Amino acid sequence: MSDPAFKSEFLKTLQARGYIHQITHPEELDEAAAAGTIAAYIGFDATAPSLHVGSLIQIMMLRRLQQAGHKPIVLMGGGTTKVGDPTGKDEARKLLSEADIQANIASIKTVFAKFLAFGDGPTDAVMVDNDEWLSKFGYVQFLRDYGVHFTINRMLAFDSVKLRLEREQPMTFLEFNYMLMQSVDFLELNRTRNCVLQMGGSDQWGNILNGVELIRRVDQKPAFGLTTPLLSTASGQKMGKTMSGAVWLNADMRSPYDYWQFWRNTEDADVGRFLRLFTDLPLEEIARLEALEGAGINEAKKVLANEATRMLHGAEEAARAAAAAQAAFEQGGLSADLPTHEIPAGDLEAGVQLADLMVAAGLAGSKGEARRLAQGGGLRVNDKAEADANRVVTTGDVADGVVKLAAGKKKIVLVRPT
RNA sequence: GGGGGAAUGUCCCGAGUGGCAAAGGGGGCGGACUGUAAAUCCGCUGCUGUAAUGGCUUCGUAGGUUCGAGUCCUACUUCCCCCA
């Protein structure tokens with residue numbers, strides 16, 4: 001993609017920090033963003049009770065938008081989730097019940113307030129749910145109003161459809177309609193809220209393009225689309241799924257400590273990129289951190305972990321996570337802020353099989369796994385390797401009020417008798 | 001409606017002759033090396049249990065044949081392809 005020198009603060013920032021993959025009408029959009037306040041939206045589907053770091057780049061982009069003096073619109077996909085986005089999938093995802101979707105939305109909502117300022121002002125963020133309008137259409141009315149603007153010929157050419165067909169995987173008519181719904185969302189937001197820009201991940205390009213064209217065709221009004229690059233780590237892993245599963249943003253699904261660890265374990269080659277995308281640090285500062293070599297780059301990773309955790313969970317939680325990590329990894333000591341598992345003191349007096357304790361503490365999925373861990377040398381009790389998972393843990397193992405269990409070098413749980 | 005094909009280890013892909021806890025890969029986990037990195041190398045990867053042989057539950061669903069079935073038979077479910 002060409003590299004035009006943008007005039008608007010917003011696009012300049014996105015460009016400099018690496019958010020831009022494709023833009024539909026770069027110059028026009030730049031003009032609009034430079035001339036005054038614009039409104040832009042990103043849609044989030046409610047397929048899980050929390051968003052994960054895979055969505056973080058989108059959230060951060062809304063933050064940049066607001067920082068540049070524009071209005072972010074968070075679109076919750078209450079309506080579209082009922083249909084399910086086929087993009088990038090080989091199979092239709094199982095349909096969620098309406099109750100599940102509503103519960104997911106309620107749970108997801110809270111995260112946005114950490115990144116955006118909501119309110120009624122001209123550049124305050126707002127949240128809307130597309131179920132509001134999508135559920136109101138009658139089938140025939142929807143077909144007549146919008147169906148006429150989409151040709152099957154063109155829809156078949158979009159990757160989301162084409163790839164599925166090429167791989168000879170079935171695509172239901174329900175899924176086929178998803179891109180129409182998303183296009184109508186954009187049109188609706190354009191009409192009711194004067195929203196001129198839809199942003200999203202690069203996999204959304206086709207869906208976004210359809211909305212842009214719908215607005216331009218039906219209302220003869222300007223509309224733009226912008227996508228972010230697909231985020232993967234330097235070694236090619238998909239971003240967001242790691243060691244212990246998805247990196248959720250909700251604190252009750254992924255603790256601040258684990259969140260901090262996630263960023264701390266960033267690959268060397270990704271540090272600069274992630275700092276630009278996921279922190280508010282000035283670019284000069286990032287350039288300095290990124291230039292650190294060898295083990296020195298660990299400093300940059302700590303900064304990244306601190307900043308990212310602070311933004312999501314607050315300064316206090318970030319500091320505690322950092323302190324716990326320092327105690328555990330750099331001093332080999334204990335910290336009360338490490339993940340803790342409580343068990344009745346009586347159980348420990350009676351003695352608990354180590355394998356059972358590992359499972360209870362969440363360090364092993366089954367006793368068999370605990371055994372294998374032990375045999376592989378990855379199980380440690382109070383920092384001492386323990387090859388026998390059948391060993392009984394008793395009060396004699398308590399030191400400083402806890403028993404320190406570790407699975408591998410990074411997963412630590414303090415067992416605290418109560 | 002007719003004809004042909006497919007569903008495999010609760011992450012994915014994928015081999016499978018009647019003796020299979022089931023090849024191989026990806027992913028994941030652990031170890032070594034390092035810097036809580038990457039790359040590389042080694043080990044593990046159904047549950048349960050032992051000092052150890054073991055026990056139990058898995059191959060779309062339900063039955064059947066057999067000493068023994070992922071593998072053969074019957075019905076059913078879902079999906080794909082071709083014809084109408």
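For clarity, every value in this text was computed on a predicted model and none was experimentally measured. Reminder, nothing fancy here: chain letters follow the sequence lines and each chain counts from 1.
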Polar side-chain atom of A:Asn382 near backbone of A:Asp397 as donor-acceptor pair, under 3.5 Å: yes
Please give, in whole Å, the distance from B:G35 P to A:Glu299 CD? 15 Å
Taking the P atom of each, how far is B:G3 from B:C12, in whole Å? 33 Å
Among the nucleotides B:U36, B:U50, B:G31, whichever has the atom closest to the side chain of A:Lys410 is B:U36
Do any side-chain nitrogens or oxygens of A:Asn298 fall under 4.0 Å of OP1 or OP2 in B:A37? no
Once you round to the nearest 0.5 Å, how far does CZ of A:Arg193 lie from OH of A:Tyr41? 12.5 Å
If pairing means Watson-Crick or G-U wobble with both distances under 3.5 Å, then the partner of B:A23 is none
What distance, rounded to whole Å, do you find between the two C1' atoms, one in B:G16 and one in B:G64? 23 Å
For B:A39, what is the paired nucleotide under Watson-Crick or G-U wobble rules, both distances under 3.5 Å? none
Applying the 3.5 Å cut-off to both distances, the Watson-Crick or G-U partner of B:C79 turns out to be B:G5
Distance, P atom - from B:G70 to B:U65, rounded to whole angstrom: 16 Å
Is A:Lys136 salt-bridged to A:Glu188, going by a charged N under 4.0 Å from an acidic O? no
Among A:Glu307, A:Lys301, A:Glu299, which one satisfies side chain to side chain contact (heavy atoms under 4.5 Å, CB included) with A:Val303? A:Glu307
Rounded to whole Å, CD of A:Gln375 lies from P of B:U50 at a distance of 12 Å
Could you check whether A:Gly294 gets within reach of a base, just the sugar-phosphate, or nothing at all, counting any heavy atom under 4.0 Å? base
Specify the separation, in whole Å, of atom CZ of A:Arg380 and atom P of B:G31. 6 Å
Please give, in whole Å, the distance from B:G35 C1' to A:Gln326 CD? 15 Å
B:G35 base to A:Asp268 side chain: any donor-acceptor pair below 3.5 Å? yes
Salt-bridge criterion met for A:Glu369 and A:Arg372 (N-O under 4.0 Å): no
Any luck finding a side-chain donor-acceptor pair between A:Asp185 and A:Trp133 under 3.5 Å? yes
For nucleotides B:G14 and B:G9, find the distance between their C1' atoms and express it as a whole number of Å. 11 Å
Separation of the P atoms in B:G31 and B:A22, to the nearest angstrom: 27 Å
Protein-nucleotide distance (A:Asp270, atom CG; B:U36, atom P), rounded to Å: 18 Å
Between A:Trp260 and A:Gln353, name the one whose nearest nucleotide on RNA chain B is closer to the 5' end. A:Trp260
Could you please name the option among B:C29, B:G35, B:G49 that lies closest to any side-chain atom of A:Lys411? B:C29
Under-4.0 Å side-chain N/O to phosphate OP1/OP2 contact, A:Lys409 with B:C33: no
Is the shortest side-chain N to carboxylate O distance from A:Asp280 to A:Arg64 below 4.0 Å? yes
Return the pairing partner of B:C47 with a 3.5 Å limit on both distances, Watson-Crick or G-U wobble; otherwise return none. B:G55
Can you figure out which of B:G35, B:G30, B:U48 approaches the side chain of A:Leu373 most closely? B:G30
Salt-bridged, A:Arg288 to A:Glu285, with N to O below 4.0 Å? yes
Distance check, C1' atoms only: B:U78 and B:G26, in whole angstrom units. 27 Å
Side-chain ion pair, A:Asp270 and A:Arg273, N-O less than 4.0 Å: yes
May I have the distance from A:Glu369 (atom CD) to B:G28 (atom P), rounded to whole angstrom? 15 Å
May I have the distance from A:Leu289 (atom CG) to B:G35 (atom C1'), rounded to whole angstrom? 16 Å
Of B:U36, B:A38, B:G31, the nucleotide closest to the side chain of A:Phe329 is B:U36
C1' gap between B:A75 and B:G28, integer Å: 40 Å
B:C79: syn or anti, per glycosidic angle within 90° of 0: anti
Considering only the P atoms, how many Å lie between B:U57 and B:G63, rounded to the nearest integer? 15 Å
What's A:Ile297 touching, base or sugar-phosphate or nothing? Going by heavy atoms closer than 4.0 Å. base
Nearest 0.5 angstrom please: A:Thr110 OG1 to A:Asn250 CG, how far? 5.0 Å
Per nearest nucleotide of RNA chain B, the residue lying toward the 5' end, A:Gly365 or A:Glu293, is A:Glu293
Round to a whole Å and report the spacing from NZ of A:Lys367 to C1' of B:C56. 15 Å
Nucleotide-resolved protein contact map, nucleotides 40-46 of chain B, B/S/- at heavy-atom distance under 4.0 Å: ----SS-
Would you mind classifying the nucleic acid contact of A:Lys301 as base, sugar-phosphate or nothing, using non-hydrogen atoms under 4.0 angstrom? base
